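Here's the structure we're looking at; comments come further down.
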Amino acid sequence: MRNLDEYLQRIGFQGEPKVDLETLIRLHRCQAFSIPFENFDVHVNDKVDIDKAAVLEKLIKNGRGGYCYELNGAFYDLLTAIGFKVKYLVSRPMMGYSELRPKTHMILMVELQGEQYLADVGFTALNIIEPLKIESGTVHHQYGQCFRIIEDAERGYIFQSKSGNDWESRYSFDLTEQQYIDFELANFYNSNSTESICTNMIIAGIYSEQGRVRLLNNKLEIRLEDKNEDIQVESEEHLANLLKQFFNIKLETSKLDKLFARMSSK
């Protein structure tokens, strides 16, 4: 990766990266805190370009975020450039669905010192800040949230988060390796199908040590330790200010116009 140093600078990683668990955790946390999930291109462009060079240009040079194929795809490149052994996996979203959904969400598996870890910096909903060891039943506490992976006879594994006293299933996955090209169809589905959450909702989200901020259509949800507030987007100028303040994103005027117009129609 020619722009490895730029990538590390983009996510605020300090020091020399090594192929060890401490570095993996730090890299995952740094990206979760620095590069937001956002599906704006679904709503303002003709397509979402997941060509590797285009993705890195968007995330690193242009200071944008992206969705799972962009965020996890770029994170794969970062990890492999450092020397980690990484595999693409595909998962089946489960959260909020009563019917069976297609396998469309890209996740990563990192193999390190005989152990396997789930890495995912590109999920729309409540998500991990640090990688999880792929083992059944272990509860992981991360910044006020609880996560676990359980084995399932039919699905392989299920990733869950805790809500109150209940565990909610986020997605299922198995350990069958995928190739990057395999996600072209999933990307087309998520950016074009009327059944996709990405075409039906404008979404952005970013994490910090204090909590998270999420944009859902024309409402900004702030869930931080010192602030719990919902803000309605009132104008293009208001949207531009919110994107800059909470996501450090500056959109071109034409894209901002289109995005606000889509928000206003929902």
Side-chain angles (χ1 to χ4, degrees), residues 7-15 17 21-40 59-60 62-68 70-72 74-75 78 95-96 107-108 117-133 138-149 159-168 170-171 201-234 238-251 259 263:
Y7 198 138
L8 294 175
Q9 184 177 5
R10 169 77 169 93
I11 64 174
F13 184 90
Q14 302 291 324
L21 182 57
E22 179 185 356
T23 297
L24 176 62
I25 292 172
R26 288 180 58 211
L27 288 168
H28 200 289
R29 184 194 306 131
C30 282
Q31 177 145 335
F33 288 167
S34 302
I35 304 183
F37 178 100
E38 49 107 334
N39 69 345
F40 299 159
L59 301 185
I60 299 174
N62 299 335
R64 289 280 304 280
Y67 65 177
C68 70
E70 300 166 291
L71 299 178
N72 282 328
F75 197 56
L78 174 66
M95 183 200 65
I107 57 176
L108 305 176
Y117 294 87
L118 168 68
D120 184 2
V121 291
F123 195 48
T124 59
L126 190 63
N127 197 29
I128 56 176
I129 304 300
E130 300 173 355
L132 304 184
K133 184 186 290 188
T138 301
V139 177
H140 302 264
H141 300 271
Q142 297 184 2
Y143 297 91
Q145 304 295 332
C146 295
F147 304 100
R148 72 178 183 183
I149 295 170
F159 164 62
Q160 298 180 319
S161 63
K162 198 169 188 180
S163 177
N165 294 320
D166 299 322
W167 286 99
E168 296 182 343
R170 299 285 169 173
Y171 53 74
M201 295 191 72
I202 296 167
I203 308 171
I206 189 70
Y207 293 90
S208 71
E209 293 185 4
Q210 288 74 44
R212 66 171 178 162
V213 177
R214 186 168 64 161
L215 177 71
L216 296 176
N217 292 328
N218 63 351
K219 183 175 73 173
L220 187 76
E221 299 177 349
I222 304 173
R223 302 292 183 263
L224 303 174
E225 289 179 355
D226 59 351
K227 191 172 187 179
N228 191 321
E229 183 181 0
D230 291 342
I231 300 174
Q232 292 294 128
V233 180
E234 299 175 351
H238 190 210
L239 174 60
N241 291 336
L242 292 174
L243 293 181
K244 181 61 179 176
Q245 178 182 354
F246 292 100
F247 305 103
N248 198 27
I249 289 176
K250 183 178 180 180
L251 287 180
L259 191 64
M263 284 182 174

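Small disclaimer: the values here were computed from a predicted structure and weren't measured.
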Close side-chain approach of [X] to [Y], heavy-atom, < 4.5 Å:
{"X": "Phe40", "Y": "Arg64", "answer": "yes"}
{"X": "Phe246", "Y": "Leu215", "answer": "no"}
{"X": "Met95", "Y": "Leu126", "answer": "no"}
{"X": "Asn218", "Y": "Leu239", "answer": "no"}
{"X": "Asn248", "Y": "Ile206", "answer": "no"}
{"X": "Asp120", "Y": "Phe159", "answer": "no"}
{"X": "Val121", "Y": "Ile35", "answer": "no"}
{"X": "Ile129", "Y": "Phe147", "answer": "no"}

Please report the closest heavy-atom contact between [X] and [Y], naming both atoms and the distance.
{"X": "Leu118", "Y": "Ile128", "value": "O-CD1, 3.8 Å"}
{"X": "Arg10", "Y": "Pro36", "value": "NH2-CD, 4.4 Å"}
{"X": "His141", "Y": "Cys146", "value": "ND1-SG, 3.2 Å"}
{"X": "Asn72", "Y": "Ala119", "value": "OD1-O, 4.4 Å"}
{"X": "Cys30", "Y": "Gly12", "value": "SG-O, 4.0 Å"}
{"X": "Glu225", "Y": "Glu209", "value": "OE2-O, 3.9 Å"}

At what distance, to the nearest 0.5 angstrom, does [atom1] of [X] lie from [atom2] of [Y]?
{"X": "Ile249", "Y": "Leu242", "atom1": "CD1", "atom2": "CG", "answer": "12.0 Å"}
{"X": "His28", "Y": "Gln142", "atom1": "NE2", "atom2": "CD", "answer": "8.0 Å"}
{"X": "Arg212", "Y": "Leu224", "atom1": "CZ", "atom2": "CG", "answer": "10.5 Å"}
{"X": "Asn127", "Y": "Ile107", "atom1": "CG", "atom2": "CD1", "answer": "10.0 Å"}
{"X": "Arg170", "Y": "Thr124", "atom1": "CZ", "atom2": "OG1", "answer": "8.5 Å"}
{"X": "His140", "Y": "Arg148", "atom1": "NE2", "atom2": "CZ", "answer": "11.0 Å"}

Please confirm whether the backbone N or O of Leu59 pairs with a side-chain atom of Glu70, one donor and one acceptor, at under 3.5 Å?
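No: the side chain of Glu70 does not pair with the backbone of Leu59.
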
Check for a donor-acceptor pair, side chain of Asn228 on one end and backbone N or O of Arg223 on the other, with a separation under 3.5 Å.
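The answer is no, because no donor-acceptor pair under 3.5 Å joins these two groups.
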
Count the heavy atoms of every other residue, nucleotide or ligand shown that sit under 6.0 Å from CD of Gln14, and state whether that count exceeds 12.
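No, because the 6.0 Å sphere around CD of Gln14 holds 12 heavy atoms or fewer from other groups.
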
Are more than 12 heavy atoms, taken from residues, nucleotides or ligands other than Gln210, located less than 6.0 Å from that residue's CD atom?
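Yes - once you tally the heavy atoms of other residues, nucleotides and ligands closer than 6.0 Å, there are more than 12.
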
Can you spot which of Tyr143, Phe247, Phe13 makes a ring pair (Phe, Tyr, Trp, His ring centres under 6.0 Å) with Phe33?
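Of all the options given, the one that passes is Tyr143.
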
Would Asp230 and Arg214 pass as an ion pair if we require N to O under 4.0 Å?
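Looking at Asp230 and Arg214, the cut-off is not met.
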
Would you mind telling me which of Leu132, Leu21, Leu108 makes a side-chain contact (heavy atoms from CB on, under 4.5 Å) with Tyr117?
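Answer after filtering Leu132, Leu21, Leu108: Leu21.
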
If you measure only the distance, is there a donor-acceptor pair under 3.5 Å linking the side chains of Gln31 and Tyr7?
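There is such a pair between these side chains.
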
